[in-house]
Amino acid sequence: MMETLTFENLVKEKFNSLSAGQKKVAEYLLQNLEEAVFSTAFQIGRKVDVSETTVIRLSYALGLGGFSDMQEKIKRQLLSNNQQPPNFNNSANSNDKNDKNAPFSKVIENEINILRSMLQQLNMKDLWKAVDTLINADRILIVGFRASYAAAHWFSYTLSTLREGVSLCPSTDEFHEKFCDLTEQSAVLLISFPRYTKESLHIAKCTKKQGVQLISVTDRMLSPVGRISDITLTTEENAESGSNSISSIISLLDLVITGINAKDKARIQSRQKKLEELYSGYEVFIE
């Protein structure tokens, strides 16, 4: 019954049972569907002047599996209204060569092109295979060094909110101790982008030698770790700014998170409810 309801109807059905803060969020979302699709829970909370936690709790109050499920519901609402997400193709005006914003516009346009290219070239079979591997693994070790560490940390944290048994390897000094806990049913997700580190290749070889499933997130199939991985997911880097950008890497990892959210809803909902109870009990977040 609930699955057939649009986001708007779902809010109407549950509105009287919502808290005052949740009602503010719900009203804002209904008035700003397009913006909600591209916003984080924190950004929405800031717009409505409530906490990020209140935005997340709204999704549970509506009977959904979490914030990402609520965004998916909003996307379907847009489709039912025959609306499309905003088009950013012409968002940057670079006609004026003297425009002081031109360097920033160029980087953003390049990022958009990278994401379009990733969508067109991404092997969906491998993406879903990676999703299934991470759902079924008994333990998962996330690895990324130097410029890749930020993406590894983000993915480790986000994945740990969805399932148990996720750990991050912060340095090569701790790898072997963490790796020792893995089994043949475990998985290592290794993020490696130029300049490739010897440590990353060492870990990839060790993982393969021990019979643990290896997923690599890298810039090309034939990168040092990509060529020996069981599953290789690739995206380009944005070199326009003169330094490596992780935005396309995070976007690719977010696709993996989206796939897990879609296929493992029951476990995710159970875990996130437990987390919210802990967050509330120990006042982790500002209400």
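Numbers here simply count residues along the sequence, with the first being 1.
Using a 3.5 Å distance cut-off with no hydrogens or angles, the side chains of D219 and Y196 do pair a donor with an acceptor. Remark: the S200 side chain and the T197 side chain contain an N/O donor-acceptor pair separated by less than 3.5 Å. Defined by atom type and a distance below 3.5 Å, a donor-acceptor pair is present between the side-chain atoms of D138 and T183. Between the side chains of N9 and T6, a donor-acceptor pair is found at a separation under 3.5 Å.
Taken from CD in E52 to CZ in F42, the straight-line distance is 7.5 Å, to the nearest 0.5 Å. Here the CD1-CD distance, from I74 to E35, works out to 11.0 Å after rounding to the nearest 0.5 Å. Note that CD1 of I268 is 12.0 Å distant from NZ of K263, once rounded to the nearest 0.5 Å. In this structure, the separation between NZ on K47 and OG on S39 is 6.0 Å, given to the nearest 0.5 Å. Summarising the geometry, atom OG belonging to S216 is positioned 9.0 Å from atom CD1 belonging to I231; distances are rounded to the nearest 0.5 Å. The line from OG of S186 to CD1 of I140 is 8.5 Å long, rounded to the nearest 0.5 Å.
For the pair A61 and Q22, the tightest heavy-atom approach, listed with the atom from each and the gap, is CB-OE1, 3.7 Å. The minimum heavy-atom distance between S156 and V166, with the atom names listed, is O-CG1, 3.8 Å. Taking each heavy atom of L134 and A187 in turn, the nearest pair found is CD2-CB, 4.5 Å. Minimum interatomic distance between F67 and V55 (heavy atoms only, all atoms of both residues): CE1-CG1, 3.8 Å. For L141 against L168, the heavy-atom pair with the smallest separation is CD1-C, 4.2 Å. Among all heavy-atom pairs drawn from V188 and L182, the shortest one is CG2-CD1, 3.6 Å.
Within a 6.0 Å sphere centred on CD of E164, heavy atoms belonging to other residues, nucleotides or ligands number more than 12. The environment of K205 atom NZ is sparse: at most 12 non-hydrogen atoms of other residues, nucleotides or ligands sit within 6.0 angstrom. More than 12 heavy atoms of other residues, nucleotides or ligands lie within 6.0 Å of CZ in F15, so this atom counts as buried by the packing criterion. Heavy atoms of other residues, nucleotides or ligands lying less than 6.0 angstrom from CZ of R227 number more than 12. At most 12 non-hydrogen atoms from other residues, nucleotides or ligands lie less than 6.0 angstrom from CD of E283.
The backbone N or O of I56 sits less than 3.5 Å from a side-chain atom of S59, completing a donor-acceptor pair. Using a distance-only test at 3.5 Å, with no hydrogens or angles considered, no donor-acceptor pair links the side chain of S229 to the main chain of T232. A donor-acceptor pair is defined here as one N or O able to donate and one able to accept, closer than 3.5 Å; such a pair exists between the side chain of N123 and the backbone of D126. No donor-acceptor pair under 3.5 Å is formed between the side chain of D264 and the backbone N or O of I260. Looking only at distances, no side-chain donor or acceptor of Q210 sits under 3.5 Å from a matching main-chain atom of T207. With T234 contributing its side chain and R220 its backbone, the two residues share no donor-acceptor pair below 3.5 Å. No donor-acceptor pair closer than 3.5 Å links the side chain of E174 to the backbone N or O of C169. In this structure a side-chain-to-backbone donor-acceptor pair under 3.5 Å is missing from K14 to L62.
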Assess whether side chain to side chain contact (heavy atoms under 4.5 Å, CB included) is satisfied between I191 and V143, documenting all intermediate values. CA-CA 6 Å; I191 303 172; V143 183; over 6 Å; no
For I257 and L159: C-alpha separation, side-chain torsions, deciding distance, then whether side chain to side chain contact (heavy atoms under 4.5 Å, CB included) applies. CA-CA 7 Å; I257 294 294; L159 187 59; 4.3 Å; yes
Working note: W154 + L253, criterion side chain to side chain contact (heavy atoms under 4.5 Å, CB included); need CA distance, chi angles, decisive distance, verdict. CA-CA 9 Å; W154 176 86; L253 292 171; 3.8 Å; yes
Hey, mind stepping through M70 and L29 against side chain to side chain contact (heavy atoms under 4.5 Å, CB included) and telling me if it holds? CA-CA 10 Å; M70 187 165 67; L29 293 177; 3.9 Å; yes
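The only member of R271, R267, K265, K273 that meets side chain to side chain contact (heavy atoms under 4.5 Å, CB included) when paired with Q269 is K273.
Proximity of the aromatic rings of Y149 and F145 is defined here by a centroid distance below 6.0 angstrom, and this criterion is not met.
The cluster map of Ile, Leu, Val, Met, Phe, Trp and Tyr, joined by side-chain heavy atoms under 4.5 Å apart, puts M221 and W128 in different clusters. Cluster membership for L222 and V225, using ILVMFWY side-chain heavy atoms within less than 4.5 angstrom, is not shared. Both L18 and V50 are part of a single hydrophobic cluster, where members link through side-chain heavy atoms under 4.5 Å apart.
Classification of R146 and E199 as a salt-bridged pair fails, no side-chain N sitting under 4.0 Å from a carboxylate O. In this structure, K129 does not pair ionically with D230, as no charged nitrogen and carboxylate oxygen lie closer than 4.0 Å. Ionic pairing of R139 and D181 is not present here: no N-O contact between side-chain nitrogen and carboxylate oxygen is shorter than 4.0 angstrom.
Put simply, the side chain of F193 reaches to within 4.5 Å of the side chain of S148, judged on heavy atoms. Contact annotation: the side chain of H202 never approaches that of K198 to less than 4.5 Å [non-hydrogen atoms, C-beta and beyond]. The shortest distance between side-chain heavy atoms of S51 and T54 falls below 4.5 Å.
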